[in-house]
S.K.: 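Okay, handing you the structure first.
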Amino acid sequence: MAGAQAAPQEEKQPVIRLVRNPDPAPDFKLTALDGKPLTIAALQGKVVFLNFWATWCGPCRAEIPDLIALQDRYKDRLQIIGLNVDDEEADIRQYVQEMGINYPVAMTSNDIRTQFGGIPALPTSFVLDTEGRVVQKHVGLWNPEVYETEIRALLGMPIMAKVETFEDKGEVFLAHADRATDLPGVDLSKLTPEQKKVVLHRFNADMCTCGCKFTLAQCRIWDSACAVSKAATEKIIAEVSSELKTPIAPAAPHTPAAPSATSTSTPPSPVKTPAAPAPPQPEDQN
């Protein structure tokens with residue numbers, strides 16, 4: 001008797017994640033290499049893809065052909081902007097010409113990088129919806145199919161993927177690190193809910209001393225390899241865990257000391273109880 005055929009396994013649907021209740025992108029006023037002004041405000045109605053990059057960055061160079069193809073495919077509904085962070089203008093112009101980059105490229109400043117929460121690595125890209133709000137951040141080299149799926153979803157076009165939303169807890173803007181309940185490389189599993197609340201408050205109040213100018217929580221999200229913030233968070237966890245786990249010793253029962261023959265101190269007074277009333281005395285019959 002032939003065995004029953006196994007049911008075909010259903011393929012797992014790809015998932016894209018977009019920020020729930022996203023923040024507006026910090027606006028800027030830049031001049032592209034072609035002399036045209038660049039602002040976020042002027043791009044309302046389009047999906048915007050902000051790509052922080054440099055010519056010396058290998059992963060940046062690797063994804064540029066895919067970005068060129070995306071800009072060509074979605075034309076007036078998508079605007080990719082290349083924000084170069086660390087090159088000479090002449091070198092950028094030459095590279096743009098050699099690669100045939102078909103989207104505006106501008107040199108950017110540290111101020112703009114700071115406004116976007118710091119750029120931990122190159123490339124780093126921000127995806128903006130048609131209202132100019134940041135819905136996703138990608139650090140490093142990603143599959144261009146992810147970018148395209150996000151773009152199509154934001155444009156209301158059909159996609160073969162599931163869309164999930166998430167609350168930004170510092171993944172997109174470091175300013176929201178205070179919403180995080182877990183941080184990279186930080187073990188909070190052995191803490192009580194009260195202890196966890198205390199240490200998270202400390203992580204968001206204390207500054208990291210590695211030179212990043214971020215809080216400990218922000219530094220852990222921005223650079224999970226930072227040994228300084230890792231050591232500082234571990235120290236706080238140890239301190240809070242020790243403080244809240246130390247039981248308070250019960251007060252010892254009071255035992256009055258035996259009076260000394262030479263002691264002149266007054267012994268503690270016993271607790272007084274009401275005296276019983278004296279019996280009535282008989283009247284004098286004489």
Side-chain angles (χ1 to χ4, degrees), residues 16-19 25-40 43 46-75 77-129 132 134-152 154 170-174 184 212 214 219 221-226:
I16 62 170
R17 302 175 70 244
L18 303 175
V19 175
D27 205 353
F28 50 71
K29 293 182 180 180
L30 296 173
T31 301
L33 295 182
D34 60 6
K36 295 180 180 179
L38 280 178
T39 65
I40 299 296
L43 298 173
K46 294 183 179 182
V47 171
V48 178
F49 190 92
L50 298 177
N51 179 239
F52 288 83
W53 71 292
T55 60
W56 49 260
C57 165
C60 300
R61 296 196 302 269
E63 73 175 359
I64 283 178
D66 296 314
L67 300 184
I68 292 173
L70 284 171
Q71 183 63 78
D72 184 59
R73 190 173 302 134
Y74 294 96
K75 300 187 183 300
R77 303 190 68 184
L78 166 70
Q79 186 59 71
I80 297 175
I81 297 177
L83 298 175
N84 188 281
V85 301
D86 194 24
D87 284 307
E88 297 293 333
E89 184 174 345
D91 295 335
I92 305 171
R93 287 184 180 276
Q94 181 179 350
Y95 191 82
V96 167
Q97 185 175 4
E98 290 175 355
M99 293 298 297
I101 294 178
N102 58 352
Y103 50 83
V105 173
M107 299 177 67
T108 189
S109 64
N110 286 332
D111 288 342
I112 292 176
R113 295 167 67 175
T114 301
Q115 289 176 33
F116 278 86
I119 306 301
L122 295 178
T124 291
S125 300
F126 293 84
V127 183
L128 283 58
D129 65 13
V134 180
V135 295
Q136 187 52 280
K137 173 184 177 181
H138 298 292
V139 179
L141 186 64
W142 283 64
N143 187 331
E145 292 182 3
V146 174
Y147 299 156
E148 183 166 15
T149 303
E150 292 172 349
I151 291 165
R152 292 179 64 88
L154 294 170
E171 301 97 325
V172 177
F173 285 116
L174 283 177
C212 65
F214 294 142
C219 186
I221 294 172
W222 186 71
D223 181 10
S224 60
C226 176

S.K.: Side chains of F126 and P26, heavy atoms from C-beta outward: is any pair under 4.5 Å?
M.R.: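 Counting from C-beta outward, F126 and P26 never come under 4.5 Å.
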S.K.: Taking atom CZ of R73 and atom CG of L78, what is their separation to the nearest 0.5 Å?
M.R.: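 Reported to 0.5 Å precision, the distance equals 10.5 Å.
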S.K.: Sequence neighbours excluded, which residues qualify as ring-ring contact (aromatic ring centres under 6.0 Å, His included) partners of Y74?
M.R.: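 Once residues adjacent in sequence are excluded, Y74 has no partner under the ring-ring contact (aromatic ring centres under 6.0 Å, His included) criterion.
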S.K.: Taking E89's backbone N and O only, do any of them form a donor-acceptor pair with D87's side chain (distance below 3.5 Å, no angle check)?
M.R.: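 No, D87 side chain to E89 backbone: no donor-acceptor pair under 3.5 Å.
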S.K.: Taking atom CD of E145 as the centre, report whether more than 12 heavy atoms of other residues, nucleotides or ligands fall under 6.0 Å from it.
M.R.: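 Not more than 12 within 6.0 Å, no.
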S.K.: Atom CG in L50, atom NE2 in H138: separation rounded to 0.5 Å?
M.R.: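 So the CG of L50 and the NE2 of H138 are separated by 12.0 Å.
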S.K.: Quick one: list whatever passes side-chain contact (heavy atoms from CB on, under 4.5 Å) with S109, sequence neighbours left out.
M.R.: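 Only D111, I112 meet the side-chain contact (heavy atoms from CB on, under 4.5 Å) criterion with S109.
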S.K.: Considering non-hydrogen atoms only, spot the tightest contact between I16 and T149 and give its length.
M.R.: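 So the two residues come closest at CG2-CG2, 3.7 Å.
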S.K.: If you measure from CD1 on I101 to CD1 on I80, what distance do you get to the nearest 0.5 Å?
M.R.: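 Reported value, rounded in 0.5 Å steps: 10.0 Å.
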S.K.: Tell me whether E98 at atom CD has more than 12 heavy atoms from other residues, nucleotides or ligands lying less than 6.0 Å away.
M.R.: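 Yes, CD of E98 has more than 12 neighbouring heavy atoms, counting only those of other groups under 6.0 Å.
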S.K.: For the CG atom of L174 and the CZ atom of F116, what is their distance to the nearest 0.5 Å?
M.R.: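 Here the rounded value is 13.0 Å.
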S.K.: Which residue, I92, L67, L122, forms the side-chain contact (heavy atoms from CB on, under 4.5 Å) with W53?
M.R.: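 One option only clears the test, and that one is I92.
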S.K.: Looking at residues at least two apart in the chain, or sitting in another chain, which of them share a side-chain contact (heavy atoms from CB on, under 4.5 Å) with D72?
M.R.: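 If we apply the side-chain contact (heavy atoms from CB on, under 4.5 Å) test to D72, skipping adjacent residues, the hits are K75, N102.
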S.K.: State, to 0.1 Å, how close K137 and V172 come at their nearest heavy-atom pair, and which atoms those are.
M.R.: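 Answer, listing the atom of K137 first, then V172: CD-O, 3.5 Å.
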S.K.: With a 3.5 Å cut-off and sequence neighbours excluded, list the donor-acceptor pairs that the side chains of residues 27-35 form with protein atoms.
M.R.:
unit_1 : atom_1 : unit_2 : atom_2 : d
D27    : OD1    : I40    : N      : 2.7
D27    : OD2    : A41    : N      : 3.4
D34    : OD1    : K36    : N      : 3.0

S.K.: Looking at CG of L154 and CG of L128, how far apart are the two atoms once the value is rounded to the nearest 0.5 Å?
M.R.: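 Interatomic distance, L154 CG to L128 CG, rounded to 0.5 Å: 9.5 Å.
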S.K.: Sequence neighbours left out, what passes side-chain contact (heavy atoms from CB on, under 4.5 Å) with E171? Give chain and number order.
M.R.: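 Partners of E171 by the side-chain contact (heavy atoms from CB on, under 4.5 Å) criterion, ordered by chain and then number, come out as F166, D168, K169.
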S.K.: Can you find a pair of side-chain heavy atoms, one from L43 and one from I81, that are under 4.5 Å apart?
M.R.: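 A side-chain contact under 4.5 Å exists here.
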S.K.: So C212 and D223, do their side chains get closer than 4.5 Å, heavy atoms only?
M.R.: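 Side-chain contact under 4.5 Å: no.
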S.K.: About how many Å separate CD1 of I119 and CZ of R113, when rounded to the nearest 0.5 Å?
M.R.: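 The distance works out to 6.5 Å.
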S.K.: Would you say the rings of Y103 and F49 are close, in the sense that their centroids are separated by under 6.0 Å?
M.R.: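 So the answer is no for these two rings.
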S.K.: Show me, pair by pair, the donor-acceptor contacts under 3.5 angstrom made by side chains of residues 59-66, not counting sequence neighbours?
M.R.:
unit_1 : atom_1 : unit_2 : atom_2 : d
R61    : NH1    : T55    : O      : 2.8
R61    : NH1    : W56    : O      : 3.4
E63    : OE1    : Y147   : OH     : 3.3
E63    : OE2    : N51    : ND2    : 2.9

